[in-house]
Amino acid sequence: MPSAVTAQFKNKEWVGRNAFSEYDRKHKERIPPQYLIKANFISGYILPMTTNLKNIAHPPVLGGEICLEFPSWGIYPWQQNLGGPTVGVALSALDLGNRDILGQMIATYPYVLINCAKGKYVQFQYKIGVGLAFMTRTWNDGDTLHGMDVPEANSAIGSILNAYITTGFSLSFILPSDVRLHLDAGFIHASNGTVLQPNGGLNMLYGSVGASYTISPRQMQRPPQRRMPDFPYEWVLNITASAGSRELYYRDNRSFLIGSLHLGALYSACNWYGVGLGVDAFYDGVFTRQGFTNSMSMAEFDEQTKITKFNRYLLKEDNIANKFRVGVAINNEFRIGRVALLLDWGVYCYDPIRNAYSHEHPKYGTHRPMFYTYDIDKEDGWNYFRLGIRARVWDNLYIQAAVKSHLHKAEMLEFGLGYQIPFARHADHVINGNMSRYYFVHQ
């Protein structure tokens, strides 16, 4: 590309991505702070997704939370792209309904409220938040001797510290004197991503009622709203390397290295959403020699239990090829400024574990095809999901945390470092006498 075109692109397009103009900076300095203090009463219901939870979950879940919220003024591009969202941070405390086995959960998390509809007296918003949850009771506080399904065991939570994810909707009624009433409903998930077993996880539906008070100066004027620049590239390339560890079985007390490499091309459908295709290579150290057969001698059985007592998979030897899986995924990225929420759905193209189970498939035996029906309690299946959060820390360098799962069963929690390469943009430029739809550049 000619250098003049590069300079023109950089001056007019690229600067709008990372910052707002000096004009907007001056208005930002004049904006008085505004924030809301909110208190909610929460009631919920734990979804009994395992036999153990059917025994130990005693509804309802009861508790409350306090929140500090900051409505946006639409100064930054991402704020205007999302229609002036509200950013908040919450501290919640919930009694999980069975104090002796499940105990209490204390969670702290940042969240964003995105406007779906707004009137003079009513506001309807979508909420999503990610944070940390601390549990006062874990597997070690219950019956650890008689299996995972007994009523005295807590197979849902294996660690004190857990990931916390919440999503739902909020309906607000705007009253005089800066007071608002709130009705919320949504979903909460807490688990450690199999870092420590057992890890059945907690999934609950909740509803809440609360009130907030807006603290702000009486005389306030919003700055003039200006059209923000579009996201400067239509295509970006994401390269992410992640790692972590996980346990295979709660009776083993042994951790294995896990990792992944992601390469994906993402198309910016709009300023706040990108969609594309990616390739994932997963390494999972748990796929060492394991499993039991009827033909085993007692000596072989004893030797096998020294490696793991888990009997879901049947791997007769410790082969490095068994530790890798490769998949192709549809990638979704929801952008909130420097932060992006990730939701990927993938299909395994290379999966040596597809037929490495201690049981045969009722229809396909030991030769499962690429797509087949399966029971998630017995098999991992042919597809996977990744739910994560990415934050750009410097230039195009970002950090990432994500959980990979098979349907609702978490497989691994991974932390990574990546780089985003913007490389293509629509252009109505004539280059070398030809009209070019895209030009490629990276600075």
Side-chain angles (χ1 to χ4, degrees), residues 31-46 60-76 78-80 82-97 104-136 162-190 202-220 222 334 336-337 339 341 389:
I31 297 174
Q34 182 188 44
Y35 52 94
L36 283 76
I37 298 177
K38 180 191 293 185
N40 291 327
F41 170 76
I42 301 173
S43 178
Y45 173 75
I46 295 177
V61 173
L62 296 175
E65 69 177 4
I66 54 175
C67 312
L68 186 63
E69 295 183 352
F70 303 88
S72 72
W73 285 101
I75 296 178
Y76 296 94
W78 70 269
Q79 294 174 345
Q80 288 197 16
L82 295 178
T86 296
V87 176
V89 60
L91 177 65
S92 68
L94 299 176
D95 187 294
L96 298 176
Q104 293 80 35
M105 177 173 67
I106 301 172
T108 180
Y109 62 97
Y111 61 91
V112 61
L113 291 165
I114 300 173
N115 294 320
C116 299
K118 185 176 182 180
K120 185 176 181 180
Y121 300 106
V122 179
Q123 188 173 18
F124 185 61
Q125 297 171 301
Y126 169 71
K127 175 182 178 181
I128 185 167
V130 178
L132 297 174
F134 302 85
M135 305 295 183
T136 62
N162 293 267
Y164 179 92
I165 301 172
T166 182
T167 183
F169 294 94
S170 177
L171 181 63
S172 302
F173 300 92
I174 305 171
L175 304 179
S177 303
D178 298 322
V179 175
R180 298 188 181 195
L181 299 179
H182 305 275
L183 295 175
D184 294 4
F187 172 81
I188 294 172
H189 171 80
L202 287 177
N203 299 283
M204 66 183 78
L205 301 176
Y206 78 91
S208 71
V209 57
S212 67
Y213 180 74
T214 303
I215 300 176
S216 62
R218 289 294 178 182
Q219 301 298 325
M220 302 181 66
R222 290 181 179 271
F334 302 89
I336 309 173
V339 177
L341 304 178
I389 185 169

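Computed from a prediction, not measured in an experiment: that's the story for all the values here.
Looking at heavy atoms from C-beta onward, K38 lies out of side-chain contact with L68 at the 4.5 angstrom threshold. Between T166 and Y109, some side-chain heavy-atom pair lies under the 4.5 Å cut-off. Side-chain contact between N115 and Q123 is present, with at least one heavy-atom pair separated by less than 4.5 Å. At least one side-chain heavy atom of I389 sits under 4.5 Å from a side-chain heavy atom of V339. The shortest distance between side-chain heavy atoms of L132 and N162 does not fall below 4.5 Å. With a 4.5 Å cut-off on side-chain heavy atoms, L94 and Q104 do not count as touching. Residues M135 and L202 meet the side-chain proximity criterion, which asks for heavy atoms closer than 4.5 Å. Counting heavy atoms from C-beta outward, V61 and I46 have side chains that approach closer than 4.5 Å.
In this view, S170 and D184 satisfy the side chain to side chain donor-acceptor pair (under 3.5 Å) rule, not counting sequence neighbours. F187 is linked by a ring-ring contact (aromatic ring centres under 6.0 Å, His included) to nothing, counting only residues two or more places apart in sequence or in another chain. A search for side chain to side chain contact (heavy atoms under 4.5 Å, CB included) contacts involving I336 returns W78, L82, V112, L341, not counting sequence neighbours. The side chain to side chain donor-acceptor pair (under 3.5 Å) check on Y121 picks up nothing, with sequence neighbours excluded. With sequence neighbours excluded, the residues satisfying side chain to side chain donor-acceptor pair (under 3.5 Å) with S212 are H182.
Between Y111 and C67, the shortest heavy-atom distance links the atoms OH-CB, 3.3 Å. Between P60 and S43, the shortest heavy-atom contact is CB-OG, 4.0 Å.
Note on ring orientation: taking the six-membered ring where Trp is involved, the planes of F124 and F169 are parallel (angle under 30°, cut-offs 30° and 60°).
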Could you give me the CA-CA distance, side-chain angles and deciding distance for Y126 and T167, then say whether side-chain hydrogen bond (donor to acceptor under 3.5 Å, both in side chains) is met?
CA-CA 8 Å; Y126 169 71; T167 183; 2.7 Å; yes
Going through the checks in order, is the side chain to side chain contact (heavy atoms under 4.5 Å, CB included) test met by M105 and D95?
CA-CA 7 Å; M105 177 173 67; D95 187 294; over 6 Å; no
Mind running side chain to side chain contact (heavy atoms under 4.5 Å, CB included) on N203 and I188 for me, showing each step along the way?
CA-CA 6 Å; N203 299 283; I188 294 172; over 6 Å; no
Side chain to side chain contact (heavy atoms under 4.5 Å, CB included) for F173 and V122? Distances and angles first, verdict last.
CA-CA 5 Å; F173 300 92; V122 179; 4.1 Å; yes
For the pair I174 and K120, evaluate side chain to side chain contact (heavy atoms under 4.5 Å, CB included) and give the outcome as yes or no after the intermediate values.
CA-CA 8 Å; I174 305 171; K120 185 176 181 180; over 6 Å; no
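Defined by atom type and a distance below 3.5 Å, a donor-acceptor pair is missing between the side-chain atoms of Y213 and S177.
Evaluation of the salt bridge (charged side-chain N to carboxylate O under 4.0 Å, His left out) test over residues 121-135, restricted to residues two or more places apart or in two chains, returns E65-K127.
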